[in-house]
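Step one of this worksheet: look at the structure below.
Residue numbers begin at 1 in each chain, while the letters A, B, ... track the order of the sequences.
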Number of protein chains: 2
Amino acid sequence: MSPSPFPSAASGDPGVPSRRELNKAATRQAITDAAMDLLRTRGPGNFTVEDIADAAGISRRTFFNYFGSTEAALASVTFGFLDTALQQFRLRPAGEPILESARAALVELADPMTVAPVAELYSLGQTNPQLSRSELEAWDHCTEQIIDAARERFALTAAGDVDELYLRALAGSVISCGKAAMDVWFARCGGDLAPESLSVLRQLLIDSMGLLGSGFASHSPATPSPDRH
Amino acid sequence: MSPSPFPSAASGDPGVPSRRELNKAATRQAITDAAMDLLRTRGPGNFTVEDIADAAGISRRTFFNYFGSTEAALASVTFGFLDTALQQFRLRPAGEPILESARAALVELADPMTVAPVAELYSLGQTNPQLSRSELEAWDHCTEQIIDAARERFALTAAGDVDELYLRALAGSVISCGKAAMDVWFARCGGDLAPESLSVLRQLLIDSMGLLGSGFASHSPATPSPDRH
DNA sequence: GAAAATACTTGCCCGGAGTGCAAACATGCA
DNA sequence: TGCATGTTTGCACTCCGGGCAAGTATTTTC
């Protein structure tokens, strides 16, 4: 493992990242890196937890101290991705229309650094049931968090109780539309990370929010969104 | 197992349900029944595949000929439920606004016979990660099928290519709203199957479709839908 | 700075999941 | 009746996931 031999507390991090915390973070990262690497080289389903542990330089048992399964290790990538979106959402002003906040948060995702690992996972997961199952879980988890975030926001501006149906239906729909946009993007661009491809993704995300905001008004959906490139 | 000793081809079924087919269907049913029963009596996670096999009167190995896991066996219940909705959707006239079709299909679900097994699963699944994960899969599978159904429908009325983003975003949102309605219903009524409770569910489903159709227009969601009962 | 308290890693071991295989058994068809 | 085809079952094997206790690293206390 060889954790970096710095004396602790170098950068301007608040909260004193102790040696233990640094080690844990490093191990965690080593695991997901090893897992992603094996995924790339051997393909989904063709390696075991022991393989990951060996590649990460830890024991099989230790792997399970960090993640409950191979999929969980890989899903942490998607989790990070969706948490990014969530943070963006929380940063939006409370007065803003909520769909506009969602649109802004989603568009932030169409960034090379952010989307790259997920694009990889996504394309590999397309062919693999085990994998896509845990992807689903990550999206669902994100939905729950959006519900919480939206509930908090509304609690600020509204007096009485918040309508749970509104919250849950809205959050679920936003996530579904985000997912739809990514699905179409993959079908169209195959996870390509070139600028033109990312701009397609961005536009798809915007379009999907537009559809949602208009109540899917267009009854003749035979007009594909213009592929600018 | 003791399959029923009828000579085959009794009822007015088309397609000649052979003895083999009948046996398989019976075994399948016996498995899900046994699984649901164990779920009720022992709670989620407190029984093994072997337990189910014993209760169903088959070998452990045979269980795996039918389902890949305990969760898959239980999920087949949810699958049946969602397939009902899908059939309803396919029966709607092609000219009808698609959200109206979705609304009609979902409302059909608020029927005691249909919703009972799912209500049970749902409430048990609330506390169980393993279970809710496979529920997610079932909903997702249904989304895919709605996409197909909607694509077919649009292919009839529209000339050119169908907008995949529209399809996927719409189908995903409809399912999300249906899920949201069920979540709220469970939170409110705890899966109660009494007529008043079901009418609440029906209204929630209608309301959620209304929200979707209006683009979640109301920016002050502090107005809970009226609980008529 | 040494010793005690605490956190993390590891090996050992166990029960359960899931699957390939081949023998036994049931059903369908001629 | 007898052969072809499909289904069930036991067996053996790998992998998962986690409890436990001994060993190692880090932090705290004096």
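- Side-chain atoms of A/Thr114 do not come within 3.5 Å of backbone N or O of A/Ala110 as any donor-acceptor pair.
- A/Asp83 and A/Gln87 are not linked by any side-chain donor-acceptor pair at a separation below 3.5 angstrom, with hydrogens and angles left out of the test.
- Of the candidates D/dC16, C/dA17, D/dT26, D/dC16 carries the atom nearest the A/Phe64 side chain, counting heavy atoms from C-beta on.
- Atoms CG and CD1, on B/Asp37 and B/Ile52 in that order, are 10.5 Å from each other to the nearest 0.5 Å.
- Regarding contacts with the backbone of D/dT26, a side-chain N or O of A/Asn23 is found under 4.0 angstrom from either OP1 or OP2.
- Put simply, the side chain of B/Tyr122 never gets that close to the backbone of B/Met182: no donor and acceptor are under 3.5 Å apart.
- A donor-acceptor pair under 3.5 Å is formed between the side chain of A/Tyr166 and the backbone N or O of B/Phe216.
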Within the sub-3.5 Å range, which N or O atoms of nucleotides 20-23 of chain D have a protein N or O partner, and how far apart are they?
none

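- Between B/Asp51 and B/Arg60, the closest side-chain pair of non-hydrogen atoms is not below 4.5 Å.
- Between A/Trp139 and A/Phe81, the ring planes lie perpendicular to each other; the angle is over 60°, past the 30° to 60° tilted range.
- Going from atom CG of A/Leu22 over to atom C1' of C/dA7 covers 15 Å, rounded to whole Å.
- Considering only the side chain of B/Ser59, D/dG10 comes nearest among C/dG18, C/dG11, D/dG10.
- The separation between B/Arg19 atom CZ and C/dC29 atom P is 14 Å, rounded to whole Å.
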Between N or O atoms, less than 3.5 Å apart, protein on one side and nucleotides 4-6 of chain C on the other: list the pairs.
from	atom 1	to	atom 2	distance (Å)
C/dT6	O2	A/Arg20	NH2	2.9

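- Looking only at side-chain heavy atoms (C-beta outward), A/Lys24 and A/Arg19 stay at 4.5 Å or farther from each other.
- Across the protein-nucleic acid pair, A/Glu71 atom CD and D/dG17 atom C1' stand 13 Å apart, rounded to whole Å.
- Between the A/Trp185 side chain and the A/Ser197 main chain, a donor and an acceptor come within less than 3.5 Å of each other.
- Across all strands, B/Tyr66 comes closer than 4.0 Å only to sugar-phosphate atoms, never to a base (heavy-atom distances).
- Straight-line distance from the CG atom of B/Asn46 to the P atom of C/dA17: 12 Å, rounded to whole Å.
- Phosphate contact (OP1/OP2 of C/dT27, side-chain N/O of B/Ser18, threshold under 4.0 Å): absent.
- Atom pair B/Glu50:CD and C/dT19:P shows a separation of 17 Å (rounding to whole Å applied).
- For A/Ser176 and B/Ser176, the side-chain atoms include at least one donor-acceptor pair closer than 3.5 Å.
- If B/Val49 and A/Asn65 are placed on DNA chain C by their nearest nucleotide, the residue sitting closer to the 5' end is A/Asn65.
- The nearest whole Å value for the distance from the CZ atom in A/Phe47 to the C1' atom in D/dC16 is 14 Å.
- For the pair A/Ile58 CD1 and C/dT10 P, the computed distance is 7 Å after rounding to whole Å.
- Not a single donor-acceptor contact under 3.5 angstrom links the side-chain atoms of B/Arg60 to the base of C/dG16.
- Rounded to whole angstrom, the span from the CD1 atom of A/Ile31 across to the P atom of C/dT10 amounts to 10 Å.
- The shortest distance between the side-chain N/O atoms of B/Thr62 and the OP1/OP2 oxygens of D/dT8 is not below 4.0 Å.
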